[in-house]
Amino acid sequence: MTSAKPLVVGHRGAALLAPENTLSSFRRALADGADLLECDVHLSSDGTVMVIHDETIDRTAGPDSPLRTGAIADLSSRELETVRQAHDEHIPTLAQLLELTTVPLFIEVKVPAAARAVGEMLADLPQGSPEAASTVISFHAEALAEIRRTSPETPVSYLVEVIDEQAIATARELGAVAVGPAIDGLCLAAARAVLEAGLSLHPWTVNTEQQLQVALACGAGSITTDDPGWVKAQLAERQPRR
């Protein structure tokens, strides 16, 4: 099972090479040729969409950060601005990332409460701009349903650990364009079921040659990776020589 050359998605930017979900990480992914950027978002206590993976700042705050612990939902955007991460990076807002990017995003809504704010932001983007072609992804079906209500033109993709009949059914009920499974455990039969359902396949997170081989064999439409430069080079090597 093969497909056209897949798009390369920078997972949290270029998380292997720069602090994850920071503007420097996203800049590195763009410099390394990523076709899309993947980011994670939460909602601050004052309703600002913040780009960070965890529900708290505890793991990514640096030892010298003025604020080193606390839940994103309990902290205001002003408080979150004071958090210092590795390499003196800060937690960006989704608005800052949308201003920075020159390619579409895969925006992972980590908590359903953030969905409406994300949908409203995307609905307001100028048509034809790269960021307006972004996709919202989530493990939470209710979050994707909210995106479909607030920003009907925004495509959504349903994230799962393992593909099964229920995952495909849920994706179709949501009007999703794709299913995003974990690469470990992905098999040809599951991939075929996704594609036969008219959905695209967007596995995550591909960081080894073996994982890349699986993704390509399964007809992945995109490759989400912590090192987009490496995947771009691997794909270039696999191109037929003329």
Side-chain angles (χ1 to χ4, degrees), residues 1-12 34-43 49 51 53 94 103-123 125 131-207 211-212 214-225 231:
M1 187 185 306
T2 58
S3 69
K5 186 176 178 180
L7 299 173
V8 177
V9 184
H11 183 237
R12 308 180 198 176
D35 301 301
L36 300 99
L37 302 176
E38 188 270 351
C39 69
D40 307 286
V41 297
H42 285 269
L43 202 64
V49 183
V51 178
H53 178 272
L94 180 57
V103 299
L105 305 177
F106 277 4
I107 303 169
E108 182 178 347
V109 176
K110 302 298 291 185
V111 291
R116 176 175 289 274
V118 171
E120 290 173 349
M121 290 179 69
L122 295 177
L125 291 173
E131 60 272 22
S134 296
T135 298
V136 173
I137 65 179
S138 185
F139 288 96
H140 301 286
E142 61 268 40
L144 298 181
E146 182 62 33
I147 295 295
R148 299 287 291 143
R149 285 190 291 269
T150 55
S151 184
E153 300 302 315
T154 297
V156 300
S157 178
Y158 186 42
L159 295 179
V160 295
E161 291 286 344
V162 178
I163 295 168
D164 57 20
E165 291 183 4
Q166 183 58 56
I168 294 173
T170 299
R172 297 188 69 178
E173 288 170 7
L174 289 166
V177 298
V179 173
I183 186 63
D184 294 329
L186 179 61
C187 66
L188 288 173
R192 185 177 297 110
V194 169
L195 299 177
E196 288 178 351
L199 300 164
S200 296
L201 185 70
H202 297 310
W204 51 273
T205 304
V206 176
N207 288 326
Q211 290 173 331
L212 181 58
V214 170
L216 295 175
C218 287
S222 71
I223 305 291
T224 294
T225 176
V231 173

Asker: Which residues pass the side-chain hydrogen bond (donor to acceptor under 3.5 Å, both in side chains) test with E196, not counting sequence neighbours?
Answerer: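 Residues passing side-chain hydrogen bond (donor to acceptor under 3.5 Å, both in side chains) with E196: none at all.
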
Asker: Side chain of S151, backbone of I147: donor and acceptor closer than 3.5 Å?
Answerer: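 Pair absent, no side-chain N/O of S151 close to backbone of I147.
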
Asker: Do the non-hydrogen side-chain atoms of I163 and L201 ever get within less than 4.5 Å of each other?
Answerer: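 Sidechains of L201 and I163: in contact.
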
Asker: State whether the side chain of E38 and the backbone N or O of R12 hold a donor-acceptor pair below 3.5 Å, judged by distance alone.
Answerer: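 Present.
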
Asker: Nearest 0.5 angstrom please: L37 CG to S134 OG, how far?
Answerer: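 Spacing of CG (L37) from OG (S134) equals 9.0 Å.
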
Asker: Report the distance from atom CD1 of I107 to atom OG1 of T135, rounding to the nearest 0.5 Å.
Answerer: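 I107 CD1 to T135 OG1: 8.5 Å, rounded to 0.5 Å.
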
Asker: Just by distance, with hydrogens left out, do H11 and T224 show a side-chain donor and acceptor under 3.5 Å apart?
Answerer: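 T224 and H11 do not have a side-chain donor-acceptor pair below 3.5 Å.
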
Asker: Any side-chain to backbone donor/acceptor pair from H140 onto K110? Under 3.5 Å, distance only.
Answerer: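 Yes, the answer is positive, given that a donor and an acceptor are paired below the 3.5 Å cut-off.
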
Asker: Check whether any side-chain heavy atom of F106 lies under 4.5 Å from a side-chain heavy atom of H202, and answer yes or no.
Answerer: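 Sidechains of H202 and F106: in contact.
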
Asker: Look only at the side chain of R148 and the backbone of L174, and say whether a donor-acceptor pair between them is shorter than 3.5 Å.
Answerer: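 Yes, because the side chain of R148 sits within donor-acceptor range (under 3.5 Å) of the backbone of L174.
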
Asker: For V49 versus A117, what's the shortest heavy-atom pair and its separation?
Answerer: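 For V49 and A117, the tightest heavy-atom pair comes out as CG2-CB, 3.7 Å.
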
Asker: Quick one: does P104's side chain get under 4.5 Å of L36's, heavy atoms only?
Answerer: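 A side-chain contact under 4.5 Å exists here.
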
Asker: Of N207, V206, T205, which meets side-chain contact (heavy atoms from CB on, under 4.5 Å) against I183?
Answerer: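 In the set N207, V206, T205, the residue that makes a side-chain contact (heavy atoms from CB on, under 4.5 Å) with I183 is V206.
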
Asker: Measure from the side-chain N and O atoms of S138 to the backbone N and O of L144, and report whether any donor-acceptor pair falls under 3.5 Å.
Answerer: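 Pair absent, no side-chain N/O of S138 close to backbone of L144.
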
Asker: I'd like to check I168 versus V194 (side-chain heavy atoms, cut-off strictly below 4.5 Å). Are they in contact?
Answerer: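 Side chain of I168 against side chain of V194, heavy atoms only: contact under 4.5 Å found.
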
Asker: Can you find a heavy atom in the side chain of V8 that is under 4.5 Å from one in the side chain of S222?
Answerer: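 Heavy-atom side-chain distance check fails, nothing below 4.5 Å.
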
Asker: Is there a donor-acceptor pair closer than 3.5 Å between any side-chain N or O of W204 and the backbone N or O of P181?
Answerer: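 Answer holds: yes.
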
Asker: If you look at every heavy atom in L199 and A176, which pair is closest and at what distance?
Answerer: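 Closest pair (atom of L199, atom of A176, distance): CD2-O, 3.2 Å.
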
Asker: When rounded to the nearest 0.5 angstrom, what distance separates CG in L122 from OG1 in T154?
Answerer: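 Rounded to the nearest 0.5 Å, the CG-OG1 separation comes out at 4.5 Å.
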
